[in-house]
Amino acid sequence: MHVQINPAEGIEVSEALAQHIHDSLERVEKRFGDRITRVEIHLKDINGPKGGPDKHCLVEARPRGLDPAVAESTSDDAYDGVRQAAHKLEKVLDKRIGKLAHHHD
């Protein structure tokens with residue numbers, strides 16, 4: 001499973017944040033890695049220097065033979081936003097891929 005990080009202007013992806021992204025996607029990779037070709041992380045700062053809950057994270061997974069699965073989160077902190085979006089993505093994939101597995105039984 002290839003992970004591609006796409007930061008928008010105003011978002012700095014440190015080595016620590018990149019590692020956090022990979023760690024947050026670990027459960028997704030363990031459960032669905034063989035079915036997913038790529039995961040794209042899109043990070044942006046909605047409010048700029050104004051602050052507040054403005055770190056937006058959109059996670060898009062590309063399962064083989066299926067439409068992309070998307071989950072997103074907005075938080076005060078990029079780390080928290082990534083974690084929340086990865087958790088939501090796992091639920092979306094579980095529902096979609098789990099449903100397919102159930103139909104093939």
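Atoms considered below: every heavy atom in the structure, side chains included; atoms not considered: hydrogens, waters and symmetry mates.
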Would you mind reporting whether Val28 and Val59 have side-chain heavy atoms less than 4.5 Å apart? no
- [ ] May I ask you to check whether over 12 heavy atoms, not counting those of His87, lie within 6.0 Å of atom NE2?
- [x] no
Donor-acceptor pair, distance only, cut-off 3.5 Å: does the side chain of Arg31 make one with the backbone of Asp94? no
- Query: More than 12 foreign heavy atoms under 6.0 Å from CD of Glu12: is that the case here?
  - Reply: no
(message) Just so I know, are the side chains of Ile5 and Leu17 near enough to count as touching, which here means a heavy-atom distance under 4.5 Å?
(response) no
Next on the checklist: Less than 4.5 Å apart, side chain to side chain, heavy atoms only: is that true for Val70 and Val92?
Outcome noted: no
On a heavy-atom basis, the closest approach of Leu25 and Val39 is CD1-CG1, 3.9 Å
_Flag side-chain contact, heavy atom, 4.5 Å: Lys55 against Ile11_ = yes
The single option from Gln19, Arg27, His20 that satisfies side-chain hydrogen bond (donor to acceptor under 3.5 Å, both in side chains) with Asp23 is Gln19
Residues Ala71 and Lys88: closest non-hydrogen pair is CB-CB, 3.7 Å
Closest heavy-atom pair, Met1 versus Gly33, reported as atoms and distance to 0.1 Å, is CB-O, 4.3 Å
Those residues at least two apart in sequence (or on a different chain) that pass side-chain hydrogen bond (donor to acceptor under 3.5 Å, both in side chains) with Glu40 are Asn6, Arg38, His42
Separation between CD1 (Ile36) and NE2 (His2), nearest 0.5 Å, reads 13.5 Å
CD of Glu29 to CG of Asp34, rounded to nearest 0.5 Å, is 10.0 Å
Checklist line | Short side-chain to backbone donor-acceptor contact, Thr37 and Arg62, under 3.5 Å | finding: yes
Heavy-atom closest pair (Leu93 atom, Pro63 atom, distance to 0.1 Å) is CD2-CG, 4.1 Å
Nearest heavy-atom contact between Lys44 and Ala8 is CB-CB, 3.6 Å
Q: Examine Leu58 and Ile46 and state if one hydrophobic cluster contains both, with Ile, Leu, Val, Met, Phe, Trp and Tyr joined whenever side-chain heavy atoms are less than 4.5 Å apart.
A: no
Cys57 and Ile41 have their tightest heavy-atom pair at SG-CG2, 4.0 Å
To the nearest 0.5 Å, atom CG of Asp54 lies from atom CG of Asp76 at 7.5 Å
